[in-house]
Amino acid sequence: MSRIIATAAIRGAHACVARAEKMLSETEERHGRDKAIGFEATAYALPVTLALLGKRVMRLGDLDEVLQEIRRWLPPIPDSDIWLPYLGGALDAGAATLIAHETVEALKPLNGHDLVYDYWLGPTADGILREQGIKLVDGRMPGFAACVGALPDDETAERLARDLQEKNILVFMGSNTNGETMAGQLHRRGVDMNWETFLVPYGPDTSSIIHALGFACRAAMTFGGLHPGGLKEARDILMYNKRRVFAFVLALGDVDDEKYATAAGAINFGFPVIADTDIPQILPTGICTYEHVVSNVPYKEMPSRAIEVRGLKITSLDIPIPVRHGPAFEGERVRKEDLAIEFGSKYTRAYEYLKSRRMDEVEDERIRVIGPEIGDVKEAAQLPLAIFVEVAGRKMQVDFESILERHIHSFLSEPMGVMHLGQRDTVWLRISKKARDAGFRIEHLGVMLLHKLKNDFPAIVDKVQVTLFTNKEDVDQLYDEAVAAYRRRDERMGAMTDESVDVFYSCALCQSYAPNHVCIITPQRLGLCGAYNWLDGKAAHEINPHGGNQPVAKKELLDPVKGKWKGINEFLEVATNGQFQSFSAYSMIDDPMTSCGCFECVACVLPGTGGIMVVDREYRGNTPVGMNFSSLAEITGGGQQTPGFVGIGTLYVLSKKFITGDGGLPRLVWTTTNIKQRLGEKLRQRCAEMGLPDLFDKIADETVCTDLEPLIEHLAAVNHPALGMGEMI
Amino acid sequence: MSLKLQPKKWPGKIREVTLGAGNRQPRTVGGGNGLPLHTFEADFPHRPVLALEVTDINPPRWLDIVREPWEGLLGKPADAARKAAEQYGADLIMLNLMGTHPDRGGRSPDQAAIDVEAVLDAVRVPLIVKGPGAGAKQNDVLARVAEKYHGEGLVLHSACQEDYKTLAAVTVAYGHVLVSESPIDLNIAKQVDILLSDVNINLDRVLIDPLTGGLGYGLEYTYSVMERIRLAALGGDQMLNSPMICLVGEEVWKVKEVKVSERQEPRWGDQETRGINWEVATAWSLIEAGAEVVVLRHPDSLARVRKILDAWFAEGASNNTR
Amino acid sequence: MALTGLQIFKLLPGTNCRDCGYTTCLAFAMKLAAGQVSLDKCPTASEDIKATLGAASAPPIRGVTIGKGERAITVGEETVYFRHDKTFVRPTGLFRMIDPNRLSDGEIEKHLDDWATIGIERAGELFRVDGIAMIEPAGSRERYARLAEAISRRGMPVALMASTIDGVRSAVEKIKDQRPLIVPSPGVDQSPFVALAAEFKLPLVITGKDLDDVAATAVDAAKHGVTDMLLEPPAKDARELHQNLSRLRRGALDRIHPGLGYPIFLRVAAGEFDKVVIGITKFASLVAMENAAGEAWLPYWTLRQNIYTDPQKPLQIDPSVHSIGEPDENAPLLVTTNFSLTYFIVSTELDGTGVPSRLAVVDAEGMSVLTAWSAGKFSGEKVAKELRRLGATEHVKHKTVIIPGYVSVISGELEDALGDGWRVLTGPQEASDLNAFFRDVWQPMMNG
């Protein structure tokens, strides 16, 4: 924490506590220590005091002990010449300030100062908390902003309030800047302020901001089931707020010592401070999820900056486009005679390219069409198109680009009257006359992408900006970069090795069919269904941390040949309910992976040949082992380890780690023509890489034979390398 | 030579969950440390309980066979509940607030609360409150009911993977029990429990609804997923050891095999008995698979299942005769 | 510890002689490992191998066949305690008991005519009365033989519920080629029955006062030459039945006693509905039931179908166009896959809407909608081809077909493939929303 801030906060805390002490002794003198004290309509006494100290203040005298306690929390004011570790001290000072504020607010009515007057609403009743606080906790309301101070003018105040309202953020207002208050500014603009408009003015003093934190504490105690008590309980309440109540402080105007002290208190809750003035920033994360104090933020950017810093997720239920949309329209065709405009296919160049950016490189929700719009061209015109999506997110990674990009197809298929086919640079997109007549524009493609990306991937997408180029120069200009990115991504997955990563990913999505089955997906061995590679597993985990894909640390390498790791084995034992203790990534003989039922292919040893065969799901005929695919599947599937038999994804055959523990690709003696066709050139290349350029042609298929004896003869005739490798078992 | 039949021991056991509090006579389920009904080798401090379903409106599609025992009481949930508890012997009541569904009249949360209050006044047994189905309306209705009747230990049906936060919050705030529903999928069942504990629900206040497939209509899927959930729990999985609830009645009384009359299909025999048999067979199979709370529609079905359970647990709930 | 298929394979001769019925020794070894075949099928297995594999190669529960011909029933051969671990393989045989002491021969003949012809089709399975359990008539050996023969004549397997050895012998002699099951009354001296079963090589039910007794008697019977047995555990009430069935199955799978490795026989009196339910779910292999009518049989059969479905091979139903209510040419036409669960759910919900309609069930190899689609079995072209093949397109005037919401993506392709002015409408994702779909989409559309 900045030393300047820490010093100011500690100084402010001393002042606040002293003021509370003075006010308490004066009030006690006037009313006696037995005088009842508390806020209206709450069962939580002084809620912040209750949450942090576990103490239920009912009478004036109870506060003596409270103030004695918080005085002990105050560190000495740091000497400007001496460096001291100050983070913990400042946070303690902040906590003390909050309790001092609450004391002051509670004492006010006893000293003739009402908390509710003019437009000031004072502390919130439990009834409202029950109705509104739950929305903060269950996500219906994304969070609250505690606005401290005032804006330079009334108009700016209203604009900020409206911006926050628009995002459904609850706005609490308190304190003042040189006597001016935000609530006063809004009042002059004729803005309604109450619990219906989500604009809640607490009071003109800085101490009044405590009611926002009292609200947060009560939300935690009510909906988080947290019971106040000692230090641990206090910590739980603070942690609950950090994780569930997405609140932040907007520091408006000059920040004095008292405000610094209050801000330090809020940071205890994980609520960061966004300031318009040039106060020192506190960026590194620690208590808060991201930054603690961000300064010098223009008013216009305050809501979006706050959302970003606090990690609020704002999803929109209604996507503002002029046609109906949803998965129901996904497969519809737009025919030539219904065509308003079209892009791509064989007519023009059209592609989509999603790029991850730094947070400050993306202007959220910005959508631009560069080039002609739908109304600028004649009916059924064909235009080039580049859909350029730039995404930024705290948890976004370059590796997720291709995963998000793959979803563009389904997102753009959803609006009624839009047809989208293909991906990358094979896009074919049509918009129907009907959609156009309803008001659909090229721009709305961007609107759709923006909302879908944010709604469906809130965990990794924070900001989206979409540019739709429809003029040839721009489309051509960006094209090279897009193609380079496609190539780079393909190469990245191709170049990744099992050695280059520390974690593999599990996939337990099939446990409903095969209870003890778990896939271990490595960079060089994709899931046996063929649908999930390592990057997919990684992204799926990021998107849904509780889902079926979990990272599994490899830990110590136990057997480099067969592919066994300590961490993988430990995980396996838990994930299979103790059924299996060991797993080989590269062997189908020794502790092979279990198989569920969705494998693309079965690999099976062929005794007598020294080799194996690989049979795909589509193949209906007999195989040299004397079983068809469904018999093989019955033996292989069900979540068992069946030595000699394993379910695999077709592409695993091409991997440099394909059953290397058993001898590798040269073991492959028989497969189906389906597989040969599908792997085709790539399999030839792989054979060539291994120095066996003629291996591909030596591998038999059902056109050669479907029985074992003729297969052995065939292998001898073509001199298949497996024959010389010895039996696998 | 005599048989060496070793009782099977498990490291885990089912959580005990208490349904009903406040003015309810509480009823605890769960606690068993062995396979369902394996009373010969494991301890079961509580027996499975049976609920009857009552509705807030006159249900539009109920068969005459299942309407008949509720003659004059359909759409009068308090009277129906009283009859269910006092005359038909239900251990608890499920109030199905089907009338709050937008397609069935869209009764308001406040109207729903009035129905709940009437039932709470009429009976002392624990109450399951079923909302109109996932969505905003379900949350509005159940949150309202939960808040208004705090401390009654209501069983709120239900939260799911996509939508659990609101009901989780009111469950915690107002002292109820929450049903976590998953679509016949062990992993999702576990995930919902994880999500719930993540939002501070004590899992001692959670029941799992694995989604019931009626006899002939997916029973085998429910049966096996329940057996697996039970095995995971007995193996020590703390996120899958909640007791399970099955809504049997609503699945049974809509299928072809109970709707077709004997006149149409003489081979199928007497329609009324067939329907009750269908409900009993579904209920009993699912009890064997691990159901601890079973919701039925026909009082005769309840009487028949209850008779088996009474005999089974005659020597007291804890029935280890080993 | 059970051996893996590969371990067993290494012990086999490796000649691929095919005498076992499999084309390779590996295929045979895998079946051995799964407990689905026994080692004696291998003619060249050496004594060494037999010793090594020993009991481990025999299925833990012996398969026993009762009856002859098309309706013969084999029970046993189970390998798991939980169906999800593999599958239950031999569905519980459901036998109807007849008590000739209460019926005339004429009445019995009439019943037999009736019961032999019962055949209710459900999800690709034909529900039948699997066999008849004939109680021994008092006082007439000759009548017992005649009645047994009357059952056999109709092709149905017979269980002889015998109270006297002379009575049952006369029946056995009459139908010995039909592999009847001999079921002595509980409590009688079993030794003459054992001798009879051994003499004719017939299956025999073993009873006992407790499981110890049952197991010991079975071992003894085996010593006396009986190979095929069913065990009848004591079952005074539901709880004892459940306990004994559970213990028997577990004991057999754990191979704790040679006398336990046999299928289980259960007899139930009229009205003991719950005992049959327990029997079907919990491991009974053959149930002989007194006086149960269709309203009990239908749930029994259906429960058995559910429990004995292979968890990895979903039930399929035959592709065809099903009418819901009495649809006319304006009624909606919907399409779904032939996965039985999908079909049942959709047809039940359709029925519930009260809107007459047609449901075209197309061949998608028994997969659910999404699975079938991703496996290419529910593509626009395949669905179009099936709709034409089934004649679904001929029934309706409106030339509109409603597809499941999850596969909206095939709508364009399907429209193209159907051609001829056909429209494809995307229905709801969940069948439970069909009601709202008809109301909000279909009816407004049809009314213009």
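Each chain gets a letter, A, B and so on, in the order the sequences are listed, and its residues count up from 1.
- Both the backbone and the side chain of B:Y217 come within contact range of chain C, with heavy atoms under 4.5 Å apart.
- C:D274 and B:K307 are not joined by a salt bridge, as no carboxylate oxygen comes within less than 4.0 angstrom of a charged side-chain nitrogen.
- Geometrically, B:R304 engages C:F273 in a cation-pi contact, judged by NZ or CZ lying under 6.0 Å from the ring centre and within 45° of the ring axis.
- Both the backbone and the side chain of B:R267 come within less than 4.5 Å of a heavy atom of chain C.
- Heavy atoms closer than 4.5 Å to chain B are found in both the backbone and the side chain of C:D114.
- Of the two parts of C:I280, neither the backbone nor the side chain holds a non-hydrogen atom closer than 4.5 Å to a non-hydrogen atom of chain B.
- Only the side chain of B:I308 comes within less than 4.5 Å of a heavy atom in chain C; its backbone stays farther off.
- Proximity to chain B involves both the backbone and the side chain of C:L303, based on heavy atoms less than 4.5 angstrom apart.
- With salt bridges taken as basic N to acidic carboxylate O contacts below 4.0 Å, one links C:K282 and B:E227.
- Only the side chain of B:L231 comes within less than 4.5 Å of a heavy atom of chain C; its backbone N, CA, C and O stay farther away.
- Contacts of C:T342 with chain B are absent, with no heavy-atom separation under 4.5 Å from either backbone or side chain.
- Proximity to chain B is limited to the side chain of C:T309, based on heavy atoms less than 4.5 angstrom apart.
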request  = Evaluate the side chain to side chain contact (heavy atoms under 4.5 Å, CB included) criterion for residues B:Y223 and C:R83: first the C-alpha distance (whole Å), next the side-chain angles of each, then the deciding distance (0.1 Å), finally the verdict.
outcome  = CA-CA 9 Å; B:Y223 184 89; C:R83 61 184 291 279; 4.0 Å; yes

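- Interface remark: C:I118 contributes backbone and side-chain atoms alike to the contact with chain B (heavy atom separation under 4.5 Å).
- For C:A238, the parts lying near chain B are the backbone and the side chain together; criterion is any non-hydrogen pair under 4.5 Å.
- Looking at C:Q243, its side chain never comes within 3.5 Å of a backbone N or O of B:F40 through a donor-acceptor pair.
- Formation of a donor-acceptor pair under 3.5 Å by the C:R122 side chain with backbone atoms of B:G216 is found in this model.
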query = Passes salt bridge (Lys or Arg N to Asp or Glu O under 4.0 Å), C:R247 versus B:E41? Steps please.
reply = CA-CA 10 Å; C:R247 285 180 153 166; B:E41 61 178 8; over 6 Å; no

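- With salt bridges taken as basic N to acidic carboxylate O contacts below 4.0 Å, one links B:K254 and C:E349.
- Proximity to chain B (any heavy atom under 4.5 Å) is restricted, for C:Y81, to the side chain, taken from C-beta onward.
- If you measure heavy-atom distances from B:E262 to chain C, you find no contacts under 4.5 Å at all.
- When heavy atoms are compared at a cutoff of 4.5 Å, B:K259 approaches chain C solely by way of its side chain, counted from C-beta outward.
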